[in-house]
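To keep things clear, I will list the structure first and then write my remarks on it.
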Amino acid sequence: MTPHTGQPTRIIGWDIGGAYVKAALLEMDGKTDAVILDAVKTPCPLWRGIDHLEATLARLGTQLGRPDCHGVTMTGELADIFPDRLEGVRRILKLVQSSLSEPGHRDDQQPRMMIYAGGRDFLDPAQAYKHPHRVASANWQALAAWTGDWVDRGLVVDIGSTTTDIIPLGDGRLQNYPQNRNLSDHERLRDAGLVYSGVVRTPLIALTPDIFFEGGSIPLMAEIFATTADIYRLLGWLHPHSDQAPTADGAGKTATDSARRLARMIGLDAAERPLAVWRDLADRFATIQRKSLRNACQRHIEHAALRPSDPIIGYGCGQFLIKKIAAELGHSYVAGETFLAVRDADLATRMAICGPAVAVAWLAAAPG
């Protein structure tokens with residue numbers, strides 16, 4: 001359902017997560033032309049208290065300016081400050097309404113508030129409050145629906161800081177999934193559509209229990225001494241816009257700092273080996289992660305009967321991995337940020353990182 005008539009000209013899309021908030025400002029010119037004016041990803045440790053989300057929404061709302069419409073999707077209901085996901089949705093909805101409303105304006109003067117509910121559907125806040133299961137963790141569907149407006153067949157892959165979404169498209173629609181139903185995280189984990197593996201926050205111990213080092217396999221210490229951000233910093237692949245999370249030890253983000261944390265995973269100090277040794281070890285971890293994600297992509301390619309000519313469409317902090325995976329699987333690669341006009345390369349990078357926020361803004365502008 002679409003709870004409004006007419007077409008807004010400025011839309012802010014919000015993707016509210018448990019660790020980050022992403023927002024994208026889209027401007028429509030008529031019914032077909034659209035341009036991204038801004039895209040922002042900012043840390044927001046929701047698990048430490050909902051006041052962090054309140055402050056983040058207020059700050060970004062001021063930065064992006066007054067829109068005609070807010071489109072909202074979320075995964076933050078998973079934060080462990082909430083007793084369950086449905087209560088999390090409801091509390092986030094209440095906060096979004098209060099934080100993004102404009103004091104001194106009547107209800108009919110407020111920007112429209114549209115809550116994403118899967119497919120191309122939106123609910124108003126009151127409806128969403130009554131049907132929180134339709135709203136919970138639906139951001140991946142927004143990305144699929146938006147991409148389906150540009151690509152008929154292919155595999156959508158969004159590698160973020162923490163997770164990876166893998167979504168097959170056919171005839172511009174989701175494949176292998178029941179239509180008009182929000183699949184739960186549990187179902188998507190079982191199907192490898194949701195993989196808890198990202199390029200910033202994932203502990204290295206989650207990638208593998210052991211690693212090849214100096215002629216043999218060595219077990220890793222079962223501690224969060226280092227994360228995937230450390231390996232990609234050492235390799236020079238992680239864009240600064242993506243490197244926003246605190247480090248495992250709360251210390252710096254230089255190559256030396258990352259090498260120190262990586263060395264601890266195998267019981268060494270970084271000074272005991274040259275930096276080149278730690279870069280080689282980082283590359284082995286990167287290969288393990290890439291192989292795991294490649295296997296998950298291959299599974300969906302086979303189940304959806306995608307052809308070699310069907311592209312892999314990439315979003316997120318880990319686009320550098322998706323490009324490699326596409327090449328290894330023999331598919332062309334399409335960067336998701338190429339679908340809409342942007343003013344410069346820096347904004348294009350931020351747009352790719354904020355894919356679901358861009359998607360929900362687009363869908364809110366052109367629902368149905």
Side-chain angles (χ1 to χ4, degrees), residues 12-25 36 38-64 73-76 78-79 81 92 139 143 158-165 196-204 206 224-262 282 285-286 289 314-322 336-337 342 344-358:
I12 298 178
W14 298 91
D15 181 16
I16 299 172
Y20 299 94
V21 170
K22 302 171 186 176
L25 176 61
I36 291 292
D38 204 354
V40 182
K41 174 183 177 181
T42 188
C44 178
L46 180 55
W47 72 90
R48 293 181 179 171
I50 201 165
D51 56 310
H52 290 276
L53 177 57
E54 182 177 21
T56 299
L57 291 175
R59 177 168 54 82
L60 291 184
T62 299
Q63 176 180 334
L64 296 173
T73 188
M74 67 182 73
T75 59
L78 296 171
I81 62 168
I92 290 172
N139 64 347
L143 195 61
D158 182 2
I159 301 180
S161 301
T162 312
T163 62
T164 295
D165 291 303
Y196 256 77
S197 186
V199 297
V200 177
R201 298 179 68 236
T202 302
L204 294 187
I224 307 178
F225 284 142
T227 67
T228 45
D230 290 306
I231 65 175
Y232 295 120
R233 281 191 212 103
L234 280 165
L235 295 172
W237 298 352
L238 190 64
H239 195 281
H241 286 316
S242 303
D243 194 6
Q244 298 180 344
T247 60
D249 61 1
K253 296 181 177 181
T254 67
T256 300
D257 291 319
S258 288
R260 182 185 66 252
R261 288 185 287 267
L262 182 57
F285 276 106
Q289 185 178 37
Y315 300 89
C317 302
Q319 279 188 315
F320 56 85
L321 283 189
I322 307 172
E337 65 268 26
V342 293
D344 54 47
D346 179 74
L347 179 54
T349 298
R350 287 185 278 126
M351 175 181 164
I353 293 171
C354 300
V358 175

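For this chain, numbers begin at 1 and follow the sequence in order. Keep in mind the model is a prediction, meaning the values are calculated, not measured. Atom set for the values below is all heavy atoms of this structure, side chains included, hydrogens, waters and symmetry mates excluded.
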**Request:** State plainly whether the residues D249 and R260 are in salt-bridge range, i.e. N to O under 4.0 Å.
**Result:**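 Yes, charged N to carboxylate O under 4.0 Å.
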**Item:** NZ/NE/NH1/NH2 to OD/OE distance under 4.0 Å, R350 and D346
**Value:**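 Salt bridge between R350 and D346, a charged N being under 4.0 Å from a carboxylate O: yes.
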Find the distance between [atom1] ([X]) and [atom2] ([Y]) and round it off to the nearest 0.5 Å.
| X | Y | atom1 | atom2 | result |
| --- | --- | --- | --- | --- |
| T42 | R59 | OG1 | CZ | 4.0 Å |
| D15 | C354 | CG | SG | 8.5 Å |
| L204 | Q289 | CG | CD | 9.0 Å |
| T56 | I16 | OG1 | CD1 | 10.0 Å |

**Message:** Tell me whether I50 at atom CD1 has more than 12 heavy atoms from other residues, nucleotides or ligands lying less than 6.0 Å away.
**Reply:** yes
**Student check: side-chain heavy atoms of E337 and Q319 closer than 4.5 Å** =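 Of all side-chain heavy-atom pairs linking Q319 with E337, at least one is under 4.5 Å.
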**Message:** I'd like to check L25 versus I36 (side-chain heavy atoms, cut-off strictly below 4.5 Å). Are they in contact?
**Reply:**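 SC-SC contact between L25 and I36 ruled out.
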**Item:** Donor-acceptor pair, side chain of T202 and main chain of G198, under 3.5 angstrom
**Value:**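 A pair under 3.5 Å: yes.
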**Message:** Main chain of A58, side chain of T62: is a donor-acceptor contact present, judged purely on distance under 3.5 Å?
**Reply:** yes
**Prompt:** In a check of side chain to side chain donor-acceptor pair (under 3.5 Å) between R233 and each of D243, T228, T254, which one passes?
**Reply:**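 When D243, T228, T254 are each tested with R233, the side chain to side chain donor-acceptor pair (under 3.5 Å) holds only for D243.
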**Request:** Before giving the answer on side-chain contact (heavy atoms from CB on, under 4.5 Å), spell out for I353 and S242 the whole-Å C-alpha distance, their side-chain angles and the decisive distance to 0.1 Å.
**Result:** CA-CA 7 Å; I353 293 171; S242 303; 3.4 Å; yes
**Fill in**
Heavy-atom closest pair (A245 atom, V200 atom, distance to 0.1 Å) is CB-CG1, 3.7 Å
If we ignore angles and hydrogens, is there a donor and acceptor under 3.5 Å between the side chains of [X] and [Y]?
| X | Y | answer |
| --- | --- | --- |
| R201 | T162 | yes |
| D230 | S258 | yes |
| K41 | S161 | yes |

**Request:** Walk me through it: do L234 and L262 pass the test side-chain contact (heavy atoms from CB on, under 4.5 Å)?
**Result:** CA-CA 10 Å; L234 280 165; L262 182 57; 3.7 Å; yes
**Request:** Carefully, step by step, assess W237 and V199 under the rule side-chain contact (heavy atoms from CB on, under 4.5 Å).
**Result:** CA-CA 10 Å; W237 298 352; V199 297; over 6 Å; no
